[in-house]
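The block underneath contains the structure these notes are about, expressed in structure tokens.
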Amino acid sequence: MDAKQENNQHNTVVAVYPGSFDPVTNGHLDIIHRAAKVFDKLVVAVLNNTSKNPLFSVEERVELLRQVTADLPNVEIDSFRDLLINYMRQKNAHLIVRGLRAVSDFEYELQMASTNRKLSEEIETFFMTSTPKYSYLSSSIVKEVARFHGPVADLVPPEVERALLEKYASR
Ligand code: ADP
């Protein structure tokens with residue numbers, strides 16, 4: 001590797017967008033598209049959290065995210081079960097991206113960001129505000145609508161709509 005390549009590699013800004021993504025919605029996807037423009041590389045990391053009772057397995061959530069971000073070359077999809085900052089060290093990343101929808105998100109997000117900062121001084125959290133048309137949208141709302149066979153075509157990408165239909169057809 002010559003000096004220029006080494007320098008380029010050094011300057012690559014990697015951000016991690018962690019979350020449950022159960023399942024990915026148009027709101028998440030909007031943040032992913034916008035963050036992918038700002039950072040050199042964006043790792044969307046699905047939290048393997050055993051304390052929540054997810055509808056989709058981690059593998060299913062990762063697969064759906066891969067499908068809906070296939071057109072974004074600098075986006076990588078991964079999962080983790082470790083403490084976020086340990087996972088970030090592994091990935092050599094220092095930036096966390098989170099989305100803010102409403103004031104109600106703020107308190108929890110501030111608590112998380114402050115905790116991560118306390119655990120590692122190198123970590124910075126960047127907040128991106130939701131696009132207004134998706135500011136009410138959450139994975140929970142989507143599941144609630146889909147469970148009663150309501151239309152979710154405007155809320156999630158078509159791949160996710162299909163996956164929801166399949167899930168709830170068998171329930
Ligand atoms: P978590 O369980 O970590 O909150 P979520 O999948 O619910 O995981 O959300 C992951 C991140 O995406 C959070 O920062 C959340 O605020 C953000 N987010 C979720 N829905 C939207 C949306 N409609 N617009 C913008 N950001 C969103």
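Whatever order the structure lists ligands and atoms in, that order sets their numbers, starting from 1. For this chain, numbers begin at 1 and follow the sequence in order.
Where the criterion is an N or O separation shorter than 3.5 Å, residue side chain and backbone included, S135 fails it with respect to ligand 1. Distances between N or O atoms of S20 and those of ligand 1 include at least one value under 3.5 Å. For the pair S139 and ligand 1, the shortest N or O to N or O distance does not fall below 3.5 Å. Taking any N or O of G99, backbone or side chain, at least one lies under 3.5 Å from an N or O belonging to ligand 1. Taking any N or O of Y134, backbone or side chain, at least one lies under 3.5 Å from an N or O belonging to ligand 1.
The existence of a salt bridge linking E144 and R147 is confirmed by a sub-4.0 Å separation between a basic side-chain nitrogen and an acidic carboxylate oxygen. Look at K91 and D78 and you find a salt bridge, because one of the NZ, NE, NH1 or NH2 atoms lies within 4.0 Å of a carboxylate O, short of that distance. Between R98 and D105 there is no salt bridge, since none of the side-chain N atoms of the basic residue sits less than 4.0 Å from a carboxylate O of the acidic one. Under 4.0 Å is where a charged nitrogen must lie from a carboxylate oxygen, and between R117 and E124 at least one such pair does.
The closest non-hydrogen atom to atom 4 (O) of ligand 1, taken over R34, R98, M128, comes from R98. Distances from atom 5 (P) of ligand 1 to the heavy atoms of K133, M112, R61, H28 show the closest one on H28.
Remark: minimum distance from atom 24 (N) of ligand 1 to any protein heavy atom is reached at S130 OG, 3.2 Å. Looking only at heavy atoms of the protein, atom 21 (C) of ligand 1 is closest to R101 CD, 3.5 Å.
Between F126 and F39, the ring planes lie perpendicular to each other; the angle is over 60°, past the 30° to 60° tilted range.
Ligand-side atoms of ligand 1 in range of F21: 6 (O), range being under 4.0 angstrom from any heavy atom. Listed by atom number, the atoms of ligand 1 under 4.0 Å from G19 heavy atoms are 3 (O), 8 (O), 10 (C). Each of the atoms 20 (N), 21 (C), 22 (C), 23 (N) of ligand 1 lies under 4.0 Å from some heavy atom of L137.
Across L65 and I32, no two heavy atoms sit closer than the pair CD2-CD1, 4.0 Å.
Checked against a 6.0 Å centroid threshold, the rings of F21 and H28 count as neighbours.
No side-chain N or O of Q111 forms a donor-acceptor pair with one of E107 less than 3.5 Å apart.
No heavy atom of T25 sits closer than 4.0 Å to any atom of ligand 1. Y17 counts as a contact of ligand 1, since one of its heavy atoms falls under 4.0 Å from the ligand.
Tested against E63 for a side chain to side chain donor-acceptor pair (under 3.5 Å), the candidates Q67, R61, R66 yield a single pass: Q67.
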